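This report concerns only the one structure given below.
The shown structure was predicted, so the numbers you read here are calculated from the model rather than taken from an experiment. Numbering of ligands and ligand atoms starts at 1, following listing order.
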Amino acid sequence: MATAVVIGGGVSGLASALYIQRSLPQFSKVILLEGSSRVGGWVNTTSYPDGAIFEHGPRSLRPVGEAGRNTLLLAEELGLTRHVLPIFPSDPAAKNRYLFVDGKLCALPTNAWSMFKKLPPFTKPLITSLWKEPFHRRSNEQDESIYSFVRRRLGPEFADIAIDALCRGIFAGDCRKLSVQACFPPLYEMEKKYGSLIAGAVFGFKDPKVEATGLVRRAIEDKWASWSLSKGLQQLTDAMAASIQNTKEGEIRLDTKVTSLKPNQNGKIIVSTPSDSIEASLVISAVYSKDLAAALPKSMTDLKEDLSALPSVNVVVVNLEYKENVLPVKGFGHLLPSFESGPILGVVYDSCTYPEHNRKGCPESTRITVMLGGSWYDKLLSPDGTLPSGSDIVWMASQAAAQQLGIKSHPIRSHVTLQKECLPQYKVGHVSWVEKVEQKIKESNLPLHLVGSSYRGPAINDCIYNAKKVVESLKTH
Ligand SMILES: Cc1cc2nc3c(=O)[nH]c(=O)nc-3n(C[C@H](O)[C@H](O)[C@H](O)COP(=O)(O)OP(=O)(O)OC[C@H]3O[C@@H](n4cnc5c(N)ncnc54)[C@H](O)[C@@H]3O)c2cc1C
Ligand SMILES: C=Cc1c2[nH]c(c1C)Cc1[nH]c(c(CCC(=O)O)c1C)Cc1[nH]c(c(C)c1CCC(=O)O)Cc1[nH]c(c(C)c1C=C)C2
């Protein structure tokens, strides 16, 4: 009886367990071990009895590309079709994103025409950077920072303002340190292959392989910008967990932290938890690389050191709800470049994106999420090095919202979550680091495989799709 063990019950671990059940029938037992008391990992939704929904982690998914289509397919297979909340291209949440610079909200260009206009905070129309872009020489470096790549190709102003803010709004990180090769592989490939981003965008488009039926077809035909679910994104991970447990092979054990992994003489791995030991023919690690390092035996010092080297950042997520409509603009949200504010990364206008998640009977109520910290987390700390109390953080976030959005009223409900080490930082050289750790695991001959946000992308779509690819690579032909 062959047993597969998946370590970690975030979206990557859940996807791994699901795909093992579907594609690797040689495993008569698939056991998912989760250290905490719930599945979902960073996917975490609070649903209040009055119908209001607060997301403390991810809140929307993109339907594009192979990975985006794959998640939609999975949602459909899990029976979630009627719960999908699409954002259409005409919705303000799809069209409007803002920067907060010099005390003002500045709309980012939304269409080709706006590229020809001088839109503050930029001092010249975007087209003036774009037309020169194909003439810049490609770099010979293996990797470089996102900042230096964009500065080289599109100029310093675009890098200092737009790219700086964008990296805060995806990685909560510093574009001067993050790797372009790891964080934006399509941009990196476009330059390497076509010598230019514009040429790459024109000639490099490939139709994704995932078949366009059902939800995928609807998303393509109606040009969805993004989507969520009627009960929030945790509905996806809850449905994944239910599907795993619905089969005779699948088992999820909560409050079960993996404390050690030891190879035995049969080429298997003994997976130990405080209460049990399991002999596994296959182990998929779906935890932060540092957490995997902590479970590996001392004899694997080299690999442990490598896995421990991946840095990550803390993000403080503050959900705020107001009784009335307090937003001066409609859109997805706004971001602050690092020169503006330090620790306040941005604000998501949740009630504008998903009004369905507002409390019942109060369509005018407003939900926003203020995100703080990331690479600037230290700036949030008190002089004694501690994080201010929850009520102080709510005050700080609501003051920021008041100043940036002109909100005069006080929130009627708030929720603060400290998401510790939640976003791994892919620094310059990250892709080589992934190759190195995977090579060392291969050389060890252990039946151990890596998935999760530490390696090939933090987006939910990446996590699910990479889990699928890893499991499918294990199929015996
Ligand atoms: C604030 C925020 C906003 C985000 N917004 C978006 C968004 O809008 N769109 C998007 O696509 N992505 C977004 N992301 C990114 C995305 O949510 C994460 O990258 C993704 O959820 C990571 O999933 P994972 O399964 O790889 O890891 P995790 O969610 O970290 O799961 C790992 C699991 O392993 C468990 N674990 C750890 N150690 C052990 C052990 N020794 N034994 C057993 N279990 C263990 C943990 O408890 C956890 O449940 C956001 C992330 C954050 C933090
Ligand atoms: C202000 C901080 C953050 C906001 N979201 C995140 C942080 C740290 C985390 C996050 N957001 C996205 C992803 C997934 C990336 C992907 O490839 O899909 C992650 C990990 C989605 C995202 N958010 C913004 C963009 C441009 C994207 C990429 C996908 C898309 O275009 O939708 C911008 C953005 N994020 C935040 C705000 C307020 C904002 C823009 C106004 C919040």
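- Each of the atoms 8 (O) of ligand 1 lies under 4.0 Å from some heavy atom of R59.
- On a distance-only criterion, G35 and ligand 1 share at least one N/O pair closer than 3.5 Å.
- Annotation: atom 18 (C) of ligand 1 to nearest protein heavy atom, P458 O, 3.3 Å.
- The closest approach between any non-hydrogen atom of G57 and ligand 1 is below 4.0 Å.
- Residue, atom and distance of the protein heavy atom nearest to atom 25 (C) of ligand 2 are R97 NH1, 3.3 Å.
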Evaluation steps, side-chain contact (heavy atoms from CB on, under 4.5 Å), between D160 and E157:
CA-CA 5 Å; D160 278 319; E157 184 170 77; 5.9 Å; no
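- By the 30° and 60° cut-offs, the orientation of the rings of Y426 relative to F171 is tilted.
- The single protein non-hydrogen atom nearest to atom 35 (C) of ligand 1 is E34 OE1, 3.3 Å, given as residue, atom name and distance.
- Counting atoms of ligand 1 from 1 in the listed order, those under 4.0 Å from a heavy atom of G452 are 26 (O).
- Looking from atom 42 (N) of ligand 1 to the surrounding protein, the closest heavy atom is V258 N, 2.9 Å.
- With a 4.0 Å cut-off on non-hydrogen atoms, S60 touches ligand 1 through its backbone and not its side chain.
- Ligand 1 places these atoms under 4.0 Å from at least one heavy atom of I7: 42 (N), 43 (C).
- Listed by atom number, the atoms of ligand 2 under 4.0 Å from H334 heavy atoms are 38 (C), 41 (C).
- Short contacts between ligand 2 and A172, defined as distances under 4.0 Å to a heavy atom of the residue, involve ligand atoms 8 (C).
- By the 3.5 Å distance cut-off applied to N or O atoms, R62 is counted among the residues near ligand 2.
- The nearest heavy-atom contact from the protein to atom 37 (C) of ligand 1 is V287 CG1, 3.5 Å.
- At a heavy-atom cutoff of 4.0 Å, ligand 2 is contacted by the backbone of V347 but not by its side chain.
- For atom 7 (C) of ligand 1, the closest non-hydrogen atom of the protein is P58 CB, 3.5 Å.
- Judged by the 6.0 Å and 45° rule, R151 forms no cation-pi pair with F158.
- When S60, A225, G169 are checked for heavy-atom proximity to atom 7 (C) of ligand 2, G169 turns out nearest.
- Distances from atom 27 (C) of ligand 2 to the heavy atoms of L336, L335, I170, V348 show the closest one on I170.
- Ligand-side atoms of ligand 1 in range of A286: 32 (C), range being under 4.0 angstrom from any heavy atom.
- For ligand 1, the atoms lying closer than 4.0 Å to a non-hydrogen atom of V317 are 1 (C).
- Of all the heavy atoms of D462, none lies under 4.0 Å from any atom of ligand 1, so neither backbone nor side chain is involved.
- Some N or O of S453 is nearer than 3.5 Å to an N or O of ligand 1, by distance alone.
- Close approach of ligand 2 to G333 is summarised as follows: ligand atoms under 4.0 Å from at least one heavy atom of the residue are 41 (C).
- The closest approach between V315 and ligand 2 stays at or above 4.0 Å for every heavy atom of the residue.
- Scanning all protein heavy atoms for the shortest distance to atom 14 (C) of ligand 2 gives A459 CB, 3.9 Å.
- Between T256 and ligand 1 there is a heavy-atom distance shorter than 4.0 Å.
- Between F54 and H56, the two ring planes are perpendicular [angle over 60°; tilted spans 30° to 60°].
- Of all the heavy atoms of A172, none lies under 4.0 Å from any atom of ligand 1, so neither backbone nor side chain is involved.
- When the options Y288, W42, Y455 are ranked by their closest heavy atom to atom 30 (O) of ligand 1, first place goes to W42.
- Close approach of ligand 1 to D291 (heavy-atom distance below 4.0 Å) involves ligand atoms 37 (C), 38 (N).
- Atom 24 (P) of ligand 1 has its closest protein heavy atom at S12 OG, 3.4 Å.
- Taking the six-membered ring for Trp and the full ring otherwise, the centers of H430 and Y455 sit at least 6.0 Å from each other.
- For a threshold of 3.5 Å applied to N or O pairs, the pair formed by I460 and ligand 1 contains at least one separation below that value.
- At a heavy-atom cutoff of 4.0 Å, ligand 2 is contacted by the backbone of R168 but not by its side chain.
- Contacts between K257 and ligand 1 below 4.0 angstrom, taking non-hydrogen atoms only, involve backbone and side chain alike.
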